[in-house]
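The structure displayed is predicted, hence computed values, not measured ones.
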Amino acid sequence: ISEKPLVAGSNASISYVWDDVLERKVIAAKLPNGLNSSNSVYVPKTLTKGKEYKVYIAYRVTAWSCISYEGASTFDGGKPLDSYGWNSVTYTFTPTVDDAYLRIGTNQDNYTIYIAELRLSETVSVNVGSSENGTGSVSATSAGIGEKVTFSATPDSGCEFVCWKDENGKIVSKNSTYEHTVTDEITLIPIFKETSNVLEYYF
């Protein structure tokens, strides 16, 4: 779920249920009408003004709802949480006020949202250092803590890939395509070498 448990407002309630389809425990949050702090559930994580965050939520809802922050009634252009079946969505946002918070609410009378997974984390930069005899790339230049990114290395003609190293020179992987779980800001450097060409002469 999240770094800390979801918290219900004074008019909302949270219970834990076992979903037969997902075969895992999910949070069921019963919410009355109204996008306000007492009628919502929220993640009790301090959000810092100006920092970029990423939120991922896997969910199912029984009526119109939305995920919001900073006390707004909409989130990311007012995109709602779809009410048809199990869904997931990822948003990236940067709070513009102090003491911002993330919450889930509705503008309709009583409904339930089932949350299979919810992650909220700061994003960090992911980079590829320059290298000779080839190039490297990464699937995302910023990612939330716990996310996976993929580094890919392509050698120049006549060269071959050796390994990925971090900025301290430590070998991280010997696979040209490397899936990395983000724990902090990182820069990896692809290492290449020229292919040996040995000519054999037979007499």
Side-chain angles (χ1 to χ4, degrees), residues 1-19 22 24-126 139-149 181-186:
I1 305 299
S2 59
E3 292 183 7
K4 297 179 182 179
L6 292 176
V7 174
S10 59
N11 296 327
S13 62
I14 295 177
S15 62
Y16 293 87
V17 298
W18 188 265
D19 185 271
L22 293 179
R24 58 180 167 178
K25 187 181 289 186
V26 299
I27 289 176
K30 184 72 172 178
L31 301 180
N33 182 38
L35 282 168
N36 57 61
S37 58
S38 65
N39 292 349
S40 303
V41 295
Y42 62 95
V43 179
K45 176 180 173 68
T46 302
L47 305 183
T48 304
K49 178 181 178 180
K51 281 194 174 182
E52 185 180 75
Y53 292 85
K54 182 167 287 189
V55 59
Y56 167 85
I57 182 171
Y59 65 91
R60 178 170 62 86
V61 296
T62 59
W64 189 95
S65 59
C66 90
I67 187 167
S68 65
Y69 72 105
E70 297 180 348
S73 61
T74 59
F75 180 86
D76 193 33
K79 202 168 184 178
L81 298 179
D82 195 346
S83 60
Y84 299 98
W86 285 98
N87 298 275
S88 64
V89 66
T90 300
Y91 292 115
T92 300
F93 64 96
T94 303
T96 58
V97 299
D98 293 321
D99 301 320
Y101 55 89
L102 183 75
R103 70 181 179 194
I104 301 165
T106 180
N107 68 348
Q108 295 185 14
D109 290 334
N110 296 307
Y111 86 110
T112 302
I113 177 169
Y114 298 93
I115 303 171
E117 187 174 1
L118 191 150
R119 296 195 304 267
L120 174 68
S121 63
E122 294 181 25
T123 62
V124 295
S125 61
V126 182
S139 57
T141 56
S142 68
I145 303 299
E147 277 192 282
K148 294 183 183 296
V149 295
T181 300
V182 176
T183 58
D184 204 344
E185 181 175 314
I186 189 171

Closest non-hydrogen atom pair, S40 against A12 = O-CB, 3.9 Å

Rounded to the nearest 0.5 Å, how far does CD of E147 lie from OG of S121?
-> 6.5 Å

Who passes side-chain hydrogen bond (donor to acceptor under 3.5 Å, both in side chains) against K51, sequence neighbours left out?
-> E122

Taking only residues two or more places apart in sequence, or in another chain, which ones meet T181 in a side-chain hydrogen bond (donor to acceptor under 3.5 Å, both in side chains)?
-> K148

Taking every non-hydrogen atom, the tightest pair across V149 and S139 | CA-OG, 3.5 Å

Considering only heavy atoms from C-beta outward, does the side chain of I115 approach that of I104 to under 4.5 Å?
-> yes

Could you list the residues that satisfy side chain to side chain contact (heavy atoms under 4.5 Å, CB included) with E52, not counting sequence neighbours?
-> T92, T94, T123, S142

With A28 via side chain to side chain contact (heavy atoms under 4.5 Å, CB included) - residues at least two apart | S15, V17, T112, Y114

Donor-acceptor pair, side chain of N39 and main chain of N33, under 3.5 angstrom | yes

Rounded distance (nearest 0.5 Å) linking atom CG of L31 with atom CG of N11 = 10.0 Å

Taking all heavy atoms of G144 and all of V182, pick out the closest pair and write down the distance.
-> O-CB, 3.8 Å

With a 4.5 Å heavy-atom cut-off, do W86 and V26 have their side chains touching?
-> yes

Supply the atom-to-atom distance S125 OG to E185 CD, rounded to the nearest 0.5 angstrom.
-> 3.0 Å

What are the two closest heavy atoms between Y16 and I27, and how far apart are they?
-> CE2-CG1, 3.4 Å

Is a side-chain N or O of Y59 found less than 3.5 angstrom from the main chain of L118, in a donor-acceptor match?
-> no

Could you pull out the closest heavy-atom pair between L120 and Y53, with the gap in Å?
-> CD1-CB, 4.2 Å

Step through the shown structure and confirm whether more than 12 heavy atoms of other residues, nucleotides or ligands are within 6.0 Å of OH on Y42.
-> no

